[in-house]
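Beneath this line is the structure, given in structure tokens, with notes to follow.
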Amino acid sequence: MEIPLLRYQSISLDQIQNSYGFPFPFASNKVFREKSLFPGCYFSFNKRWKNPFRIIKCSLMEQGLKPRPKPNKMNIEELKESDLGETQIKKKSSVGICSQIEKLVLNKRYTEALELFEILEFEGGFDVGTSTYDALVSACIGLKSIRGVKRVFNYMLSTGFEPDQYMRNRVLLMHVKCGMMIDARNLFNEMPERNLVTCNMIIAGLIDLGEYLEAFRLFLDMWEEFSDCGSRTFATMIRASAGLGLLSVGKQLHSCALKMRDGDDTFVSCALIDMYSKCGSIEDAQGVFDEMPEKNTVGWNSIMAGYALHGYSEEALDLYHEMRDSGVKMDHFTFSIIIRICTRLASLEHARQAHAGLVRNGFGLDIVANTALVDFYCKWGRIEDARHVFDKMPCKNVISWNALIAGYGNHGRGEEAIELFEQMLLEGMRPNHVTYLAVLSACSHSGLSERGWEIFHCMSRDHKVKPRAMHYACMIELLGREGLLDEAFALIRSVPFKPTTNMWAALLTACRVNGNLELGKFAAEKLYGMEPEKLCNYVVLLNIYNSSGKLKEAAEVVQTLRRKGLRMLPVCSWIEVKKQPHVFFSGDKTHVQTKEMYEKVDSLMLEISKHGYVPDKGTLLPDVDEQEQRVMKYHSEKLAIAFGLINTPDWTPLQIVQSHRICSDCHNAIKLIGMITEREIVVRDASRFHHFKDGICSCGDYW
DNA sequence: TTAGGGTTAG
């Protein structure tokens with residue numbers, strides 16, 4: 001049908017309408033006749049359209065429209081001729097339906113509104129007014145229903161509705177908000193007139209998709225066309241500069257917004273707080289926040305998220321208390337941010353309060369906050385609680401599934417992680433690269449190498465997820481755990497890109513565990529070339545030499561470290577008891593309960609030595625060479641555990657956070673401490689969570 | 001006239 005149209009320039013609107021059986025979208029004969037460059041052709045009047053005939057094809061085919069042999073209006077005419085009375089009744093009832101739809105939407109009962117709309121669609125042909133379409137658009141946006149958008153839009157076309165600028169914008173918004181950006185772009189391109197609102201909407205849609213550069217391009221076009229824009233546009237564009245991480249661009253927008261201050265700048269301020277923190281300048285973010293005359297919920301949320309992003313979790317929690325005291329209302333964003341901060345701080349008490357607050361304030365069903373809770377409970381060893389939250393979620397997305405799968409995997413429950421992954425596929429959820437990372441790492445932790453290989457092979461074949469460096473690193477770790485170093489090395493050499501540091505680091509760790517000096521040295525040298533200033537690479541090689549008795553080589557590594565001036569930052573661990581964090585450094589003697597703690601450590605060490613514990617001198621850190629015995633015995637995490645054992649009831653799990661990677665000696669010691677004290681111990685270190693229970697650790701084994 | 005903007009989870 002569309003081919004003949006492409007060949008003739010002078011086709012008229014009437015001809016097109018006759019061919020397709022319905023009026024063309026957003027066309028009016030008046031506009032067309034006055035502005036058309038090609039007489040008789042509506043499509044060519046807009047100067048932006050380089051190829052009007054391509055647009056004809058796009059607009060019809062891409063919207064999935066098919067010619068209708070019998071326009072609906074004909075049905076009404078036929079009805080009129082045959083039974084005038086009944087038509088009148090129907091018309092009356094359609095007015096009733098329309099007002100009912102509008103009322104339902106006002107009450108946010110979107111699903112019911114769209115169900116009622118089905119009656120109009122079924123009967124066909126009734127004229128629906130702008131106010132009803134407005135309501136239907138809101139319903140589609142509220143439900144993010146692509147099907148709804150298609151239904152409403154097709155009905156509009158089939159009834160010959162001619163929208164004004166307001167309605168055209170609403171229709172565009174409906175497509176943008178439901179993520180139908182290809183259709184939205186087509187509509188935008190075909191619009192006979194655009195205003196600031198039109199442009200703001202399409203730009204915001206592009207930013208939602210992460211198309212920041214395209215958003216900037218359109219912004220500049222818009223600037224040229226209108227020579228004007230309001231604070232709304234600035235708020236949106238500041239978000240784009242945050243997405244690109246361009247501080248200088250963000251600052252330019254900030255100064256433009258200041259120059260044209262137009263009253264309510266709260267939105268701009270909030271966007272600026274977010275932009276400054278995401279671009280690395282928390283001081284500027286704080287400055288904007290301080291200047292806000294009235295700090296609203298979003299402002300508080302943004303600054304809290306900013307502090308959390310910069311690793312100032314405690315400060316973020318203080319801000320949360322300030323926010324609570326200031327009486328500003330909290331929303332689901334607030335709770336999501338707080339739960340994530342609690343995950344970092346290992347604060348079970350605060351997380352529980354946030355969980356309760358979430359439910360109490362009516363956000364108990366929020367997908368983001370619940371996913372944050374699943375992640376929290378998983379990371380703190382409460383898999384059953386995580387599962388409970390997950391099962392109660394009314395809808396789940398790929399992030400929710402990933403959080404729980406990773407939770408099972410990180411706690412050594414690889415089989416269950418795989419089962420969950422399979423259930424996810426059965427429920428029609430499409431896995432992404434994070435899902436595969438979680439499943440592969442679960443296989444690796446639980447030693448399920450065969451299953452790991454199967455999954456690794458099917459990720460690109462079945463779900464078109466191309467393995468990334470982290471997936472390869474995971475497979476190298478998996479092979480390394482099996483002692484298959486040659487295969488691991490072969491995999492590194494086979495990757496279709498330059499091997500990354502993660503991959504060499506996984507091979508190096510595998511070499512340390514399997515005592516392969518030669519390959520370990522090779523991997524370490526690769527790493528030195530790529531990360532000459534990263535201390536931990538030298539430490540692993542140092543430990544390989546130490547544990548294989550190569551003292552001369554070990555001394556050389558220490559010399560290199562000294563020459564480079566590399567030194568380990570003081571390691572610290574902390575534990576929260578009665579809402580108070582207690583921080584310990586290696587050999588720390590500043591705490592008021594030092595005496596009791598040291599006595600406890602001594603007695604624990606004596607006790608575990610009866611169960612076969614032998615200090616592992618082969619994995620010392622480079623800054624503990626002089627008083628190695630003493631310091632090894634009093635590593636910060638051991639002090640934190642002793643403190644916890646003295647000060648908490650028997651049934652409480654000990655939750656320790658460590659700023660560095662836990663050393664293998666402490667890992668081994670904690671396994672035994674957990675066993676003899678019958679206490680659950682969860683240690684979160686710089687690389688992963690270790691959940692010690694009944695003498696085993698969830699990380700599979702120490703790596 | 002109405003409409004369009006900012007913050008959250010793996």
Side-chain angles (χ1 to χ4, degrees), chain A residues 130-131 134 137-138 141 163-174 176-177 194-205 207-208 222 229-240 242 257 262 264-275 277-278 285 288-289 292 295-306 308-309 323 330-343 354 358 363 366-376 378-379 386 389-390 393 396-407 409-410 431-438 441:
Chain A
T130 299
S131 59
D134 206 30
V137 164
S138 300
I141 293 173
D164 56 7
Q165 187 62 38
Y166 167 79
M167 205 57 222
R168 276 197 283 264
N169 282 347
R170 290 284 286 161
V171 169
L172 180 71
L173 181 71
M174 168 170 88
V176 168
K177 290 279 180 189
R194 296 165 194 161
N195 57 19
L196 279 176
V197 177
T198 326
C199 296
N200 283 345
M201 287 188 310
I202 202 87
I203 288 173
I207 293 172
D208 285 341
M222 170 183 163
C229 71
S231 65
R232 284 163 186 269
T233 317
F234 279 111
T236 312
M237 293 320 297
I238 290 165
R239 181 153 71 100
D262 64 355
D264 180 21
D265 283 333
T266 317
F267 281 87
V268 171
S269 302
C270 296
L272 282 170
I273 294 170
D274 182 57
M275 182 277 292
S277 64
K278 282 184 181 153
V288 176
F289 180 71
M292 276 176 87
K295 295 167 176 56
N296 66 353
T297 307
V298 183
W300 282 103
N301 290 347
S302 309
I303 193 75
M304 280 194 302
L309 185 72
M323 177 188 184
M330 294 178 194
D331 63 5
H332 55 295
F333 283 83
T334 320
F335 292 110
S336 308
I337 296 164
I338 290 304
I339 293 163
R340 189 157 141 75
I341 289 168
C342 291
T343 311
L358 187 79
F363 307 118
D366 181 69
I367 191 168
V368 178
N370 276 302
T371 303
L373 269 175
V374 169
D375 183 47
F376 174 85
C378 280
K379 286 194 170 141
V389 174
F390 181 83
M393 285 169 75
K396 297 141 188 148
N397 59 16
V398 65
I399 304 180
S400 329
W401 283 95
N402 292 351
L404 193 64
I405 293 173
N410 287 334
N432 63 12
H433 66 280
V434 183
T435 322
Y436 276 104
L437 199 57
S441 130

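A, B, ... follow the sequence lines: proteins, then strands. Residue 1 opens every chain.
- With hydrogens and angles left out, the side chain of A:Thr233 and the base of B:dG5 share no donor-acceptor pair within 3.5 Å.
- Atom CD1 of A:Ile367 and atom C1' of B:dT8 are 12 Å apart (whole Å).
- Taking the six-membered ring for Trp and thresholds of 30 and 60 degrees, A:Trp300 and A:Phe289 have ring planes more than 60 degrees apart, a perpendicular arrangement.
- Per the geometry, CG belonging to A:Leu172 stands 15 Å off C1' belonging to B:dG5, to the nearest Å.
- Helical stems in DNA chain B, defined as runs of 3 or more consecutive Watson-Crick or G-U wobble pairs with donor-acceptor distances under 3.5 Å: none found.
- At whole-Å resolution of the value, CD1 in A:Ile141 and P in B:dG4 are 7 Å apart.
- Between B:dG4, B:dG10, B:dG6, one nucleotide has an atom nearer to the side chain of A:Arg340 than all others, and that is B:dG10.
- In this structure, A:Asp375 reaches the sugar-phosphate backbone alone: every heavy-atom distance under 4.0 Å involves primed, P, OP1 or OP2 atoms, never a base.
- The nucleotide whose nearest atom lies closest to any side-chain atom of A:Arg232 is, among B:dG4, B:dT8, B:dG10, B:dG4.
- In terms of polar N and O atoms assigned as donor or acceptor, the side chain of A:Asn195 comes within less than 3.5 Å of the base of B:dA3 in a complementary pairing.
- Among the protein residues, A:Lys396 comes within range of no part of the nucleic acid, since none of its heavy atoms lies under 4.0 Å from any strand.
- Listed candidates were B:dT7, B:dG5, B:dG10. Nearest to the side chain of A:Ile399 is B:dG10.
- Heavy atoms of A:Asn296 sit under 4.0 angstrom from at least one base atom.
- Nucleic acid contact class of A:Leu196 (heavy atoms, under 4.0 Å, all strands): base.
- Comparing B:dG10, B:dG5, B:dT8 against the side chain of A:Val398 picks out B:dG10 as the nearest.
- Atom CG of A:Asn200 and atom C1' of B:dG6 are 13 Å apart (whole Å).
- The side-chain hydrogen bond (donor to acceptor under 3.5 Å, both in side chains) check on A:Ser138 picks up A:Arg170, with sequence neighbours excluded.
- Taking only side-chain atoms of A:Ala305, from C-beta outward, the nucleotide of B:dA9, B:dG5, B:dT8 with the closest atom is B:dT8.
- Contact detail for A:Gly407 and A:Cys378: the closest heavy-atom pair is CA-SG, 3.5 Å.
- Not a single donor-acceptor contact under 3.5 angstrom links the side-chain atoms of A:Asn301 to the base of B:dG6.
- Dashed line: the shortest gap from a side-chain N or O of A:Lys278 to OP1 or OP2 of B:dT8 is under 4.0 Å.
- Computed from coordinates, the A:Asp208 CG to B:dT8 P distance equals 12 Å when rounded to whole Å.
- In this structure, A:Ser302 reaches the sugar-phosphate backbone alone: every heavy-atom distance under 4.0 Å involves primed, P, OP1 or OP2 atoms, never a base.
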Would you check, one step at a time, whether the test side-chain hydrogen bond (donor to acceptor under 3.5 Å, both in side chains) holds for A:Asp134 with A:Ser131? CA-CA 5 Å; A:Asp134 206 30; A:Ser131 59; over 6 Å; no
Quick one, A:Thr371 with A:Val368, criterion side chain to side chain contact (heavy atoms under 4.5 Å, CB included). Give me CA distance, side-chain angles, the key distance, then yes/no. CA-CA 5 Å; A:Thr371 303; A:Val368 178; 5.8 Å; no
Can you list the steps and then say if A:Thr233 with A:Asn200 is a side-chain hydrogen bond (donor to acceptor under 3.5 Å, both in side chains)? CA-CA 6 Å; A:Thr233 317; A:Asn200 283 345; 2.8 Å; yes
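- Using cut-offs of 30° and 60° on the angle between ring planes, the pair A:Phe390 and A:Trp401 is perpendicular.
- Judged as a side-chain contact (heavy atoms from CB on, under 4.5 Å), and not counting sequence neighbours, the contacts of A:Ala240 are A:Ile207, A:Tyr212, A:Phe216, A:Met237.
- We find that the ring of A:Phe267 and the base of B:dG5 stack, their centres lying under 5.5 angstrom apart and their planes tilted less than 30°.
- Taking side-chain N and O atoms only, A:Lys177 has a distance below 4.0 Å to OP1 or OP2 of B:dG5.
- The nearest whole Å value for the distance from the CG atom in A:Asn169 to the P atom in B:dG5 is 12 Å.
- No hydrogens or angles were tested; on distance alone, a donor-acceptor pair under 3.5 Å links the side chain of A:Asn397 to the base of B:dA9.
- When the C1' atom of B:dG5 is taken as reference, atom CG of A:Asp274 falls 13 Å away, rounded to whole Å.
- For A:Ala235, the listed nucleotide lying nearest its side chain is B:dG6; candidates were B:dG4, B:dG6, B:dG10.
- Nearest approach of A:Met167 to A:Val137, heavy atoms of both residues: CE-CG2, 3.9 Å.
- Judged by ring centres under 5.5 Å apart and planes tilted less than 30 degrees, A:Tyr166 stacks against the six-membered base ring of B:dT2.
- Taking atom CG on A:Asn370 and atom P on B:dG10, their separation rounds to 14 Å, with Å as the unit.
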